[in-house]
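Worksheet: one structure, shown below.
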Amino acid sequence: PILYSYFRSSCSWRVRIALALKGISYDLVPVNLIKDGGQQFSAEFKALNPMQQVPALKIDGITLSQSLAIINYLEETHPNPRLLPQDPKKRAQVRMIADHIASGIQPLQNLSVLKQMGEKKMEWAQSCITSGFQALEQILQHTAGRYCVGDEVSMADLCLVPQVANAERFKVDMRPYPTINRINKALLELEAFKISHPSRQPDTPAELRA
């Protein structure tokens with residue numbers, strides 16, 4: 001497999017965690033979203049992913065984009081360890097939380113949107129993340145065990161950790177979200193989350209390396 005990734009991209013990070021958890025080795029091709037006006041806009045990358053976004057994964061003779069679609073494919077082709085619970089209710093909760101972050105929070109504060117916001121970008125990102133986290137904190141109080149849904153790592157957790165990192169980057173006050181903080185802390189102790197961290201990627205700038 002070949003993963004096209006940017007060290008700081010939260011969507012790429014989700015996929016890196018999934019690959020690490022499932023023990024799938026891969027080659028990483030960095031796509032710098034800032035350098036050269038954004039390498040994702042090159043003709044070569046557009047041919048690979050017409051949406052001009054990372055991540056993209058070449059695997060088993062196909063090219064997939066969209067992090068949750070990639071994670072679902074990995075789940076179906078490499079079922080262990082499970083990232084979706086067997087219980088239908090828990091599985092629905094995992095998908096709900098993953099969608100809450102991947103559709104309801106992250107796209108509103110991603111690079112392309114922030115570029116449009118000009119000087120108000122920090123304020124905008126904080127507002128989007130705060131409203132999303134207020135809802136998420138409430139949901140997690142009903143679903144969480146050690147992690148987002150019960151005591152097993154799931155697709156929801158793969159979305160949570162990168163989004164908390166975004167929140168910290170945009171200086172969101174995290175004190176009102178004790179459940180989110182507790183789960184995030186527990187997940188960051190796991191090896192798969194450590195090795196996939198933005199501070200430990202081949203394209204991480206020297207000053208941001210762990």
Taking the side chain as C-beta and beyond, is there a heavy-atom pair between [X] and [Y] under 4.5 Å?
{"X": "R95", "Y": "L84", "result": "yes"}
{"X": "S5", "Y": "V54", "result": "no"}
{"X": "P81", "Y": "K22", "result": "yes"}
{"X": "Y4", "Y": "L57", "result": "no"}
{"X": "L158", "Y": "L83", "result": "yes"}
{"X": "L3", "Y": "P55", "result": "yes"}
{"X": "L140", "Y": "C148", "result": "yes"}

Are [X] and [Y] connected, step by step, through hydrophobic side chains (Ile, Leu, Val, Met, Phe, Trp, Tyr) whose heavy atoms are closer than 4.5 Å?
{"X": "I101", "Y": "L108", "result": "no"}
{"X": "I180", "Y": "M96", "result": "yes"}
{"X": "L74", "Y": "Y26", "result": "yes"}
{"X": "I17", "Y": "I183", "result": "yes"}
{"X": "V164", "Y": "L21", "result": "yes"}

Distance-only criterion, 3.5 Å: show the donor-acceptor pairs between side-chain atoms of residues 59-72 and protein atoms not counting sequence neighbours.
| residue | atom | partner | partner atom | Å |
| --- | --- | --- | --- | --- |
| D60 | OD2 | Y73 | OH | 2.5 |
| S67 | OG | R14 | NH1 | 2.8 |
| N72 | ND2 | L68 | O | 3.0 |

Examine distances only and state if a side-chain atom of [X] and a backbone atom of [Y] form a donor-acceptor pair shorter than 3.5 Å.
{"X": "R16", "Y": "A192", "answer": "no"}
{"X": "E137", "Y": "T179", "answer": "yes"}
{"X": "N49", "Y": "K46", "answer": "no"}
{"X": "S127", "Y": "E123", "answer": "no"}
{"X": "D151", "Y": "R146", "answer": "yes"}
{"X": "H78", "Y": "I24", "answer": "no"}

Task: Check: Q93/T143 side-chain N/O donor and acceptor closer than 3.5 Å - done: no
Task: side-chain contact (heavy atoms from CB on, under 4.5 Å) partners of E191, counting only residues at least two apart - done: K194, I195
Open item on the list: Would you say CD of Q141 has more than 12 non-hydrogen atoms from neighbouring residues, nucleotides or ligands within 6.0 angstrom?
Closed with: yes
Results of side-chain hydrogen bond (donor to acceptor under 3.5 Å, both in side chains) for [X] - residues two or more places apart only:
{"X": "Q106", "result": "none"}
{"X": "N80", "result": "none"}
{"X": "Q39", "result": "D36"}

TODO: Give the intermediate values and the outcome of side-chain hydrogen bond (donor to acceptor under 3.5 Å, both in side chains) for residues Q138 and Q134.
DONE: CA-CA 7 Å; Q138 229 175 310; Q134 283 169 354; over 6 Å; no
Task: ring pair (Phe, Tyr, Trp, His ring centres under 6.0 Å) partners of residues 167-199, not counting sequence neighbours, each pair once - done: W13-H197, F133-Y177
TODO: Flag the pair E152 and R82 as a salt bridge only when some basic side-chain nitrogen lies within less than 4.0 angstrom of an acidic carboxylate oxygen.
DONE: yes
Open item on the list: Under a 4.0 Å threshold between the charged nitrogen and the carboxylate oxygen, would D173 count as salt-bridged to R175?
Closed with: yes
Task: Gap between atom CG of L136 and atom CD1 of I129 - 0.5 Å precision - done: 12.0 Å
- [ ] Look up atom OG in S42 and atom CG in L48, then write down how far apart they are to the nearest 0.5 Å.
- [x] 9.0 Å
